[in-house]
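In each ligand, atom 1 is the first atom listed, and ligand 1 is the first ligand listed.
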Amino acid sequence: MILSKQKPWEEILGYLNGESSVFLLGCKGCAQASGTGGPEQVEEMKSKLEEAGKKITGSSVIDFLCEKALVKSRLRNKIEQIKAADSILVMTCGVGVQATAASVNKVCHPACDTVNLGGSRGEWMGSERCMECGECLLEYTGGICPLTTCTKGLINGQCGGASQGKCELDPEKDCGWELIYKRLKSLNQLDKLRRFIPPKDYSKMMPEVKIMSTPLWALERTDEKGRP
Ligand code: SF4
Ligand code: SF4
């Protein structure tokens, strides 16, 4: 399971600054289990955003937002609601936000931070990866994780070594920051590159103490042979 926690309300509202309408997207997988993006949380978010003066054009809670084929097929009958919104607020882990941003041509705001739960993790078919940094940056990078897509994990732009779109450390691999640049350009959001992202506080990767005393934590920390 991938554990997520909801971002502070002020941060979420800040992402929506300058926008009047939003489509809400939740996940019935790990996000529902984390209490961050299931039907209940999506309804709560809808009420809070409406109180804050935002128009909710529609919402959907999909079985697994990390599965792009599922995202595309489930959102097919929501196209008009999505078109009517300025953006999508995606209430799930970093993988789900990336899979959504890769599937829908719309600004996708992350509503959650993904935290480390120790042990093994479920596997997914897609290429999106999250290293559970606890402080999600997808808002500033067009929904592409700089920590996992850039070979050096750079968070403030390209290193300058890329050649013909390929990474200087691995010519077989696309340069993560070129992908981010292209995505932001297609969303008309290149101004996001002007923002300086301060060094990350990796202590945020760890879940809160109350989580570490739960059976869930103990279960996830077993090794590949099932030993604690
Ligand atoms: S920035 Fe990347 S590693 Fe951090 S939570 Fe978001 S997707 Fe995961
Ligand atoms: S070439 Fe691109 S992907 Fe490779 S380390 Fe530099 S910025 Fe990151």
Side-chain angles (χ1 to χ4, degrees), residues 1-8 11-12 14-15 25 27 29-31 33-34 36-37 64-68 71 88-104 107-118 121-124 126-185 189-190 192-193 195-208 211 220:
M1 173 180 155
I2 298 181
L3 184 69
S4 55
K5 61 177 184 179
Q6 218 167 77
K7 283 179 175 286
E11 191 174 337
I12 294 173
Y15 290 168
L25 195 52
C27 174
C30 305
S34 298
T36 54
F64 296 104
L65 274 180
C66 49
E67 176 53 60
K68 290 196 286 276
V71 175
I88 303 177
L89 181 66
V90 192
M91 300 173 62
T92 191
C93 69
V95 176
V97 179
Q98 290 183 75
T100 305
S103 307
V104 187
V107 172
C108 290
H109 302 293
C112 300
D113 290 318
T114 307
V115 289
N116 193 287
L117 196 50
R121 215 63 78 247
E123 293 194 0
W124 52 92
S127 55
E128 295 74 24
R129 294 288 177 267
C130 168
M131 60 175 275
E132 303 162 335
C133 74
E135 192 179 39
C136 194
L137 302 176
L138 293 173
E139 171 69 12
Y140 311 110
T141 55
I144 297 174
C145 175
L147 297 174
T148 56
T149 313
C150 166
T151 314
K152 296 174 189 168
L154 302 177
I155 59 173
N156 276 300
Q158 206 169 25
C159 68
S163 172
Q164 297 184 335
K166 299 294 180 186
C167 175
E168 69 168 350
L169 297 176
D170 182 357
E172 299 292 310
K173 186 176 175 291
D174 289 333
C175 166
W177 272 99
E178 291 216 9
L179 296 177
I180 292 170
Y181 177 86
K182 284 181 191 160
R183 174 73 61 75
L184 287 172
K185 191 173 181 192
Q189 288 206 312
L190 280 178
K192 294 220 164 148
L193 292 176
R195 182 191 172 99
F196 172 73
I197 299 173
K200 290 186 70 62
D201 175 2
Y202 282 102
S203 69
K204 291 183 178 169
M205 286 182 93
M206 295 303 288
E208 292 161 10
I211 301 271
E220 291 281 334

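Close contacts between ligand 1 and G94 involve ligand atoms 7 (S) [criterion: under 4.0 Å to a heavy atom]. Listed by number with element, the atoms of ligand 2 under 4.0 Å from a non-hydrogen atom of C150 are 3 (S), 5 (S), 7 (S), 8 (Fe). Residue G176 has at least one heavy-atom neighbour below 4.0 Å for each of these atoms of ligand 2: 3 (S). Interface atoms of ligand 1 facing Q98, defined by a heavy-atom separation under 4.0 Å, are 7 (S). Ligand 2 places these atoms under 4.0 Å from at least one heavy atom of K152: 5 (S). In summary, the atoms of ligand 2 found under 4.0 Å from a heavy atom of A162, numbered by their order in the structure, are 1 (S). Close approach of ligand 2 to E168 is summarised as follows: ligand atoms under 4.0 Å from at least one heavy atom of the residue are 1 (S).
The minimum heavy-atom distance between V71 and L65, with the atom names listed, is CG2-O, 3.5 Å. Here the closest non-hydrogen pair linking G153 and L147 is O-CD2, 3.6 Å.
Counting heavy atoms from C-beta outward, C130 and I2 have side chains that stay 4.5 Å or more apart. Put simply, the side chain of Y181 reaches to within 4.5 Å of the side chain of L190, judged on heavy atoms.
Of the inter-residue distances, the one linking D113 atom CG with K5 atom NZ reads 6.0 Å to the nearest 0.5 angstrom. Note that CD of Q164 and CD of E178 are 10.0 Å apart. Values are rounded to the nearest 0.5 Å. Of the inter-residue distances, the one linking Y15 atom OH with L138 atom CG reads 8.5 Å to the nearest 0.5 angstrom. The distance from atom CG of L184 to atom NZ of K192, rounded to the nearest 0.5 Å, is 7.5 Å.
Not a single heavy atom of L169 sits less than 4.0 Å from an atom of ligand 2. The shell of residues lying under 4.0 angstrom from ligand 1, judged by heavy atoms, excludes D113. Within the 4.0 Å heavy-atom shell around ligand 1 one does not find E128.
Atom 6 (Fe) of ligand 1 has C136 SG, 2.4 Å as its closest protein atom, hydrogens excluded (heavy atom only). For atom 8 (Fe) of ligand 1, the closest non-hydrogen atom of the protein is C130 SG, 2.3 Å. The protein non-hydrogen atom at the shortest distance from atom 1 (S) of ligand 1 is L137 N, 3.2 Å. Of the protein's heavy atoms, C159 N, 3.3 Å lies nearest to atom 7 (S) of ligand 2. In terms of protein heavy-atom proximity, atom 3 (S) of ligand 1 is closest to M131 N, 3.3 Å.
The backbone N or O of R129 lies less than 3.5 Å from a partner atom in the side chain of Q98, making a donor-acceptor pair. Between the Q6 side chain and the T36 main chain, a donor and an acceptor come within less than 3.5 Å of each other. Of the possible donor and acceptor atoms, one in the side chain of S34 sits under 3.5 Å from a partner among the backbone N and O of S4.
Heavy-atom proximity to atom 4 (Fe) of ligand 2, evaluated over C167, C175, P171, is greatest for C167.
In summary, no N, O or S atom of C145 is located under 2.8 Å from atom 8 (Fe) of ligand 1.
With a 4.0 Å cut-off on non-hydrogen atoms, E132 touches ligand 1 through its backbone and not its side chain.
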